[in-house]
Amino acid sequence: MATYDLHILQPSEFEEITRDLLQKEWNCFIESFTSGRDGGIDLRCASNKGGKAIIQAKRYKDYKSLLANLKGEVDKVRRLNPERYYVSTSVGLTPANKEEIKQLFTPYIIDVADIFGNDDLNNLLGRHCDIEKQYYKLWLTSTNVLDNIIHKAPVLWSDFELEDIKANISTYVMNDSFDNARQILFNHNYVIISGIPGIGKTTLARMLIYDYLANGFEEFINISGDIDTAAKLFKRDKKQIFFFDDFLGASVFEDGGTGFAQKLLTFIRQIKTDKSKAFILTTREYILAEARTHYEKMRTENIEMAKCILDVGAYTRAVKAKILYNHMANAQLPQEYIVQFLKNRNYNLIINHHNYNPRVIETYIDKGLWKSTDSANFMSQFKHLLSHPFLVWEIAFEKLPNECKYALLILATMGELVTLEDWKAAYNYFCINATPEITLSYDDITWNKVVKLLHDCFIRTQRKQEWIIVTTYNPSVRDFLITYIGQNTNIQRSLIQYSIFPDQLTYAFTEAEANNYNLPDYFRRNYSSLDINNIPYLLAKFNAFLIEQPKSCKIRKISNGLAKSSFDAATFIKQFLDCFPKLFRIQSTQIKSYLIKLITTGNSENFAERICIVNAIDFSEDQTTLTSILTKLSEEDIPLDEYVSFIDLMHQIMLAL
């Protein structure tokens, strides 16, 4: 018999499972009531003698808490004077515990068998398998399933920690997206989960992974590096499930490098034909759209046949209500806040809001940002945050010391993965050079305090190989920071002017015209549009980096982990070209001789980047130089795959002649 942790259910869910089990066991109809003050009645049914029997469902973690609550129910029960009284609880009970509860409610509890503890309810679940299947998240957290997964060897947990999964399950609400994604995964052996930020893509992926591990799959492999990780750990004699979260970049599209698209598609083809394998990928929908324009192979091969789009509009009102309720229940808000939540059915302001988003709810409730407002303004602030999602983080951000604020803004310009060492170097460089314009402390004591204050709210850290890697707490933090930078011209200028790494110019900024996704502002502000007044500072820094040959802060994902990137001028220029296409074409005339030298003296590793640079330079009045460059490029010894971009370039040039 499976053993379930019934405390994983929220109070309303525990009440429902009690009703369903006893209704099935007793073969009778049991009344249930709308959530609210129950007056001592959770469930009610007819007794054998024609009177009324009351069933009280009590979800508590330990017997001491349960007993204290039950003592407060005694007077209510006496006033109700039922013919019979039952207690159902998530707490495991000893015979002595049951006898003590029976004595409390004499004569209404006739027998200790009228008290259903955790073990009794588990017994009923074993007797009624149809009820068991209705409570899927309960099944996922059974001790049998947990032990089965924990003792699989090897299970490469990495970021997929068991406690995180259990936390996800406690607030997760089963809905059609789970069944839809699971069916797609079953049909194709892979699924791409896409959607807007905060919709629950990673959570859904984790539920699917957990489901597969609980149902016979032996290994979980989290692809924390590039796609080579998957190929390296692929075993034909094992039932394996692979997970590639944000496979095209967390907040913005990130080119996976030479051969990435081909490797990914090859791996998917292999997965599609092997029922012992499953592959789950997640991405934001607009990033997937950008990837299609970037990778020709993704346009020609329809990998989206196995795409599951998460759409908050597809959530039923009941699902939205349960998600909200689960987070509220977990947060254990003070009574005065709950009163405001229930008053005049104020919860409808959230459930029916056009910007309803699980991440906003999670951030405001779970992270305790509600503590910044009093109970009287709790609901109006909640509604306001849904209308202006970035305010969720702005409330917390504005309370930070200036050193913390600028450290975060600098981090937002550096990349998805940053070493703590590089972040500190960028912060110190900014503080030294921005003075006296901006006065910030940057001694070691201040720095350690900054990291401590930001940790587990705005940032996460994790040791990887010899580095401590820093990331924003979740993508919505970076979204907020990028928007904040875009709305503050002087801050934008300072971040550009006092940057130490070339990546800081190309990870956070873009021309306004490039920011043209057909999506609401909240979901498309992934770069700060460059203010026209800051163009001179950007160009000055761009030229300085070309002369200085600085270090890069970019962390690359490779098959066996992570690697630091070294500065490569061609790669940097290509990234600059992607962010500022119009500006680069103007600037290229000023540094044309430098670019030509770079193009003709490069190496095979940056061949594709050099091809893009050639295509961006105006050679309309200098055909001789262009011919010489193309001849030189055609003589290079490079991998055959790289010639695709070269042939494309030749084709475009021929069309232009």
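Heads up: numbering here begins at 1 and tracks the sequence.
S528 contributes a side-chain N or O that, together with a main-chain N or O of I482, makes up a donor-acceptor pair within less than 3.5 Å. Put simply, the side chain of T413 gets close to the backbone of I410: a donor and an acceptor are under 3.5 Å apart. Within the 3.5 Å criterion, the main-chain N or O of Q183 finds a donor-acceptor partner in the side chain of N187. Proximity of a side-chain donor or acceptor of N215 to a complementary backbone N or O of D211 within less than 3.5 Å is detected. The main-chain N or O of L43 is never found under 3.5 Å from a side-chain atom of E15 such that the two would form a donor-acceptor pair. Checked by atom type and distance alone, the side chain of D422 never pairs as donor or acceptor with a backbone atom of V418 at under 3.5 Å. W423 places a side-chain N or O within 3.5 Å of a backbone atom of A407 that can act as its donor or acceptor partner. D62 places a side-chain N or O within 3.5 Å of a backbone atom of S65 that can act as its donor or acceptor partner. Judged purely by atom type and a 3.5 angstrom limit, S375 has no side-chain atom pairing as donor or acceptor with the backbone of Y337. A side-chain donor-acceptor contact under 3.5 Å links Y325 to the backbone of S12.
For the salt bridge (charged side-chain N to carboxylate O under 4.0 Å, His left out) test, no residue two or more places apart in sequence or in another chain qualifies with D503. A search for ring pair (Phe, Tyr, Trp, His ring centres under 6.0 Å) contacts involving Y60 returns nothing, not counting sequence neighbours.
Among all heavy-atom pairs drawn from H455 and R460, the shortest one is NE2-C, 4.3 Å. Contact detail for F178 and L204: the closest heavy-atom pair is CA-CD1, 3.7 Å. Closest non-hydrogen pair, K61 versus V91, comes out as C-CG2, 4.1 Å. Residues T282 and K201 come closest through the heavy atom pair CG2-O, 4.0 Å. Closest approach of N357 to L386, counting heavy atoms only: N-CD2, 4.0 Å. Closest of all the heavy-atom pairs between T419 and V470 is C-CG2, 4.4 Å.
With values rounded to the nearest 0.5 angstrom, L6 atom CG is found 9.0 Å from T89 atom OG1. In this structure, CG on L185 lies 6.0 Å from CG on L208, to the nearest 0.5 angstrom. The structure places CG of L409 at 11.5 Å from OH of Y427, a figure rounded to the nearest 0.5 Å. In this structure, CD1 on I280 lies 11.5 Å from CD1 on I184, to the nearest 0.5 angstrom. Once rounded to the nearest 0.5 Å, the distance linking CG of L121 with CD1 of I131 reads 12.0 Å. Summarising the geometry, atom OG belonging to S90 is positioned 11.0 Å from atom NZ belonging to K58; distances are rounded to the nearest 0.5 Å.
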Exercise. Checking side chain to side chain contact (heavy atoms under 4.5 Å, CB included) for the pair F217/I209: CA distance, chi angles, key distance, verdict?
Worked result: CA-CA 9 Å; F217 271 63; I209 293 163; over 6 Å; no
For this session: Would you check, one step at a time, whether the test side chain to side chain contact (heavy atoms under 4.5 Å, CB included) holds for I221 with F242?
Result: CA-CA 5 Å; I221 297 167; F242 298 84; 3.5 Å; yes
Exercise. Which is it for E13 and N326 under the side chain to side chain contact (heavy atoms under 4.5 Å, CB included) test, yes or no, and what are the steps along the way?
Worked result: CA-CA 10 Å; E13 294 171 322; N326 285 357; 4.2 Å; yes
Exercise. Run the side chain to side chain contact (heavy atoms under 4.5 Å, CB included) check on I350 and K320 step by step: do they pass?
Worked result: CA-CA 9 Å; I350 309 304; K320 290 180 181 181; over 6 Å; no
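Side-chain contact between L411 and L481: absent, with no pair of heavy atoms (C-beta onward) separated by less than 4.5 Å. Annotation: side chain of I491 is in contact with side chain of Y406 (closest heavy-atom distance under 4.5 Å). The side-chain heavy atoms of T363 and V360, taken from C-beta on, include no pair separated by under 4.5 Å. K554 is not listed as a side-chain neighbour of Y507, based on a closest heavy-atom distance of 4.5 Å or more. Between F480 and L408, the closest side-chain pair of non-hydrogen atoms is not below 4.5 Å. Contact of the N189 side chain with the K277 side chain is not registered, since no non-hydrogen atoms from C-beta on lie closer than 4.5 Å. Residues I271 and H188 are not in side-chain contact: their nearest non-hydrogen atoms beyond the backbone lie 4.5 Å or more apart. Side-chain atoms of Q492 and L530, non-hydrogen and from C-beta on, do get closer than 4.5 Å to each other.
At most 12 non-hydrogen atoms from other residues, nucleotides or ligands lie less than 6.0 angstrom from NZ of K322. For E421, the CD atom sits in a loose shell: 12 or fewer heavy atoms of surrounding residues, nucleotides or ligands are nearer than 6.0 Å.
Relative orientation of the F243 and F220 rings is tilted, given thresholds of 30° and 60° on the angle between their planes.
You'll find the ring centres of Y364 and F382 inside the 6.0 Å limit.
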